[in-house]
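Heads up: the structure comes next, in structure tokens.
No experiment lies behind these values; they were computed from the predicted model shown. In this chain, residues are counted from 1 in sequence order.
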Amino acid sequence: MRENDRVTSATRQPGTPAAATPARLIATDLDGTLLRDDKSVSPRTVAALAAAEEAGIEVFFVTGRPARWMDVVSDHVHGHGLAICGNGAAVVDLHGGPGAHRFVKVRELARENALNAVRLLREAAPGTVFAVEQTYGFHQEPDYPKLHMEIPDHLLPAEELLAPDGPDADQPVLKILAYHPSLDPDAFLTLARLAVGEHANVTRSSPSALLELSGPGVSKASTLALCCAERGISNEEVVAFGDMPNDVEMLTWAGRSYAMGNAHPDVIAAASGRTVANNDDGVAVVIEHLLAQRTE
């Protein structure tokens with residue numbers, strides 16, 4: 001691991017400029033970042049999150065996960081109870097617990113945009129298969145693989161799922177998932193961004209060739225910026241953590257940002273610092289250091 005001002009080694013604390021603006025909000029991705037590979041939150045991380053909240057620093061979970069997958073951290077949302085889900089497509093109040101969450105803000109993908117994106121991706125990458133994520137529903141094409149360990153509500157071609165009179169047509173579409181069985185993940189992402197253009201925001205968080213398409217301009221960063229503006233918090237007062245391409249905009253926007261030791265190269269390039277891997281409690285390492293600085 002490189003030893004310079006951008007890198008945190010496993011044996012020393014992360015360097016933070018002495019004149020840095022005090023943190024008011026911590027924004028952290030979940031999978032590959034806050035969570036260990038077994039999807040647990042370590043006792044050290046639980047303690048660090050609680051200490052940050054006690055010190056007056058809000059903690060926001062900012063994830064590609066849908067709201068129904070947030071039970072893994074629902075006990076750690078503290079007073080505000082909010083999380084940003086679906087790569088910025090929704091702000092969710094988790095206080096009700098699994099299955100009883102409330103959507104505070106929804107930034108949907110218009111069905112016309114979604115249909116155009118599906119058409120363009122089918123033309124650019126034959127063999128692509130799709131799933132559709134809605135506020136309370138999940139649907140997929142018959143050939144879409146079992147990637148999400150859940151039973152879809154409907155099995156239909158994407159064009160039928162996204163039709164004005166399709167299943168759950170009264171529910172907003174949060175994102176489309178596009179999977180290709182053989183393309184390189186990064187090559188698929190580049191191809192899709194060129195093909196889809198302004199119809200949708202395209203990113204990825206999976207190690208496989210699985211892309212996530214949200215509404216134009218919808219990202220973790222843009223929704224986090226909205227939440228911060230509502231609280232009078234500037235980007236300079238935000239500390240962010242991430243590991244995959246869907247975190248790049250957020251890490252670029254935040255005043256201070258940390259790529260995990262296990263992060264994608266694009267994430268390392270985007271972040272202003274680096275911490276140790278998720279399995280080594282990299283988020284907790286930085287939080288502990290930030291809090292220690294306050295008492296110096």
Next item on the list: Salt-bridge test for Glu159 and Arg122: reply yes if a basic N is under 4.0 Å from a carboxylate O, no otherwise.
Entry: yes
Check: When clusters are formed by joining ILVMFWY residues with side-chain heavy atoms under 4.5 Å apart, either directly or through shared neighbours, do Val46 and Val286 land in the same one?
Finding: yes
Note to self: Run Glu237 and Arg231 through salt bridge (Lys or Arg N to Asp or Glu O under 4.0 Å) and show every step you take.
What the structure shows: CA-CA 11 Å; Glu237 297 172 302; Arg231 290 161 173 73; over 6 Å; no
Margin query: To the closest 0.5 Å, what do you measure between CG (Asp143) and CG (Leu155)?
Written below: 10.0 Å
Notebook entry, point to check: Mind checking whether Asp186 and Arg204 have side chains closer than 4.5 Å, heavy atoms only?
Noted result: yes
Notebook entry, point to check: Taking the side chain from Asp184 and the backbone from Ala187, do they hold a donor-acceptor pair closer than 3.5 Å?
Noted result: yes
Notebook entry, point to check: Quick check: does any side chain N or O of Thr63 sit under 3.5 Å from a backbone N or O of Cys85, one acting as donor and the other as acceptor?
Noted result: no
Margin query: Measuring from atom CG of Leu121 to atom CD1 of Ile176, what distance do you get when rounded to the nearest 0.5 angstrom?
Written below: 8.5 Å
Next item on the list: Take Asn278 and Thr33 through the side-chain contact (heavy atoms from CB on, under 4.5 Å) test and state the conclusion after the steps.
Entry: CA-CA 5 Å; Asn278 62 317; Thr33 300; 5.6 Å; no
Checklist line | Arg107 vs Leu226 side-chain heavy atoms within contact, under 4.5 Å | finding: yes
Item checked: Heavy-atom closest contact (Gly242 atom, Leu251 atom, distance) -> N-CD2, 3.8 Å
Margin query: Just checking Glu123: does its CD atom have more than 12 heavy atoms from other residues, nucleotides or ligands closer to it than 6.0 angstrom?
Written below: yes
Checklist line | Within-4.5 Å side-chain heavy-atom neighbours: Tyr144 and Leu210 | finding: yes
Next item on the list: Please name the pair of heavy atoms, one in Ala259 and one in Ala271, separated by the smallest distance, quoted to 0.1 Å.
Entry: N-CB, 3.5 Å
Next item on the list: Please confirm whether the backbone N or O of Arg36 pairs with a side-chain atom of Ser40, one donor and one acceptor, at under 3.5 Å?
Entry: no
Notebook entry, point to check: Does Leu25 reach the side chain of Leu224, with side-chain heavy atoms less than 4.5 Å apart?
Noted result: yes
Next item on the list: Taking the side chain as every heavy atom from C-beta outward, state whether Arg65 and Asp31 have any atom pair closer than 4.5 Å.
Entry: yes
Check: Do Lys220 side-chain atoms and Val62 backbone N/O form a donor-acceptor pair below 3.5 Å?
Finding: yes
Check: Met244, Leu213: one ILVMFWY side-chain cluster at the under-4.5 Å cut-off?
Finding: no
Next item on the list: Verify side-chain contact (heavy atoms from CB on, under 4.5 Å) between Glu112 and Leu115, making sure each step is shown before the conclusion.
Entry: CA-CA 5 Å; Glu112 182 179 358; Leu115 285 165; 5.8 Å; no
Check: If only atom types and distance count, is the side chain of Arg256 paired as donor or acceptor with the main-chain N or O of Val239 below 3.5 Å?
Finding: no
Check: Which atom names give the shortest non-hydrogen contact between Leu174 and Ala90, and what distance separates them?
Finding: CD1-CB, 4.4 Å
Note to self: Is any side-chain heavy atom of Arg111 closer than 4.5 Å to one of Val173?
What the structure shows: yes
Item checked: Closest non-hydrogen atom pair between Asp153 and Gly137, with its separation -> OD2-CA, 3.3 Å
Check: Do Leu49 and Leu34 come close enough that some side-chain heavy atom pair is under 4.5 Å?
Finding: yes
Check: Can you tell me how far CG of Leu30 sits from OG1 of Thr28, rounded to the nearest 0.5 angstrom?
Finding: 6.5 Å
Check: Nearest 0.5 Å, what's the CG-CG distance between Asn113 and Leu162?
Finding: 11.0 Å
Note to self: Looking at Glu141 and Phe130, would you say the former's side chain and the latter's main chain have a donor-acceptor pair under 3.5 Å?
What the structure shows: yes
Item checked: N/O donor-acceptor pair under 3.5 Å between Thr128 side chain and Ala125 backbone -> yes
Note to self: Give me the atom names and distance for the closest heavy-atom approach of Gly88 to Thr223.
What the structure shows: O-OG1, 2.6 Å
Check: Taking Ser222 for the side chain and Gly217 for the main chain, is one N or O donor matched with an acceptor at less than 3.5 Å?
Finding: yes
Next item on the list: Answer with yes or no whether the side chains of Ser219 and Asn201 bring together a donor and an acceptor at under 3.5 Å.
Entry: no
Next item on the list: Identify whether Leu82 and Ile233 are in the same connected component of the hydrophobic contact network (ILVMFWY, side-chain heavy atoms under 4.5 Å).
Entry: yes
Notebook entry, point to check: Of the options Gln134, Glu160, Glu133, which is the one that meets His139 in a side-chain hydrogen bond (donor to acceptor under 3.5 Å, both in side chains)?
Noted result: Gln134
Check: Roughly how far, to the nearest 0.5 Å, is the CG atom of Asp243 from the CG atom of Asp29?
Finding: 5.0 Å
Check: Hey, are Ser205 and Glu212 close enough side-chain-wise for a donor-acceptor pair under 3.5 Å?
Finding: yes
Checklist line | Spacing of Arg193 atom CZ and Leu191 atom CG [to the nearest 0.5 Å] | finding: 12.0 Å
Next item on the list: Check for a donor-acceptor pair, side chain of Asn262 on one end and backbone N or O of Gly32 on the other, with a separation under 3.5 Å.
Entry: yes
Check: Can you name the nearest heavy-atom pair linking Met260 to Gly282, along with the distance?
Finding: CE-CA, 3.8 Å
Next item on the list: Kindly indicate whether the side chain of Val285, heavy atoms from C-beta on, has any atom under 4.5 Å from the side chain of Arg44.
Entry: yes
Note to self: Applying side-chain contact (heavy atoms from CB on, under 4.5 Å) to Leu211 and Phe188, what does each step give before you reach the verdict?
What the structure shows: CA-CA 8 Å; Leu211 306 183; Phe188 189 30; 3.5 Å; yes
Item checked: Derivation of the side-chain contact (heavy atoms from CB on, under 4.5 Å) call for Val92 and Met70 -> CA-CA 10 Å; Val92 183; Met70 294 298 289; over 6 Å; no
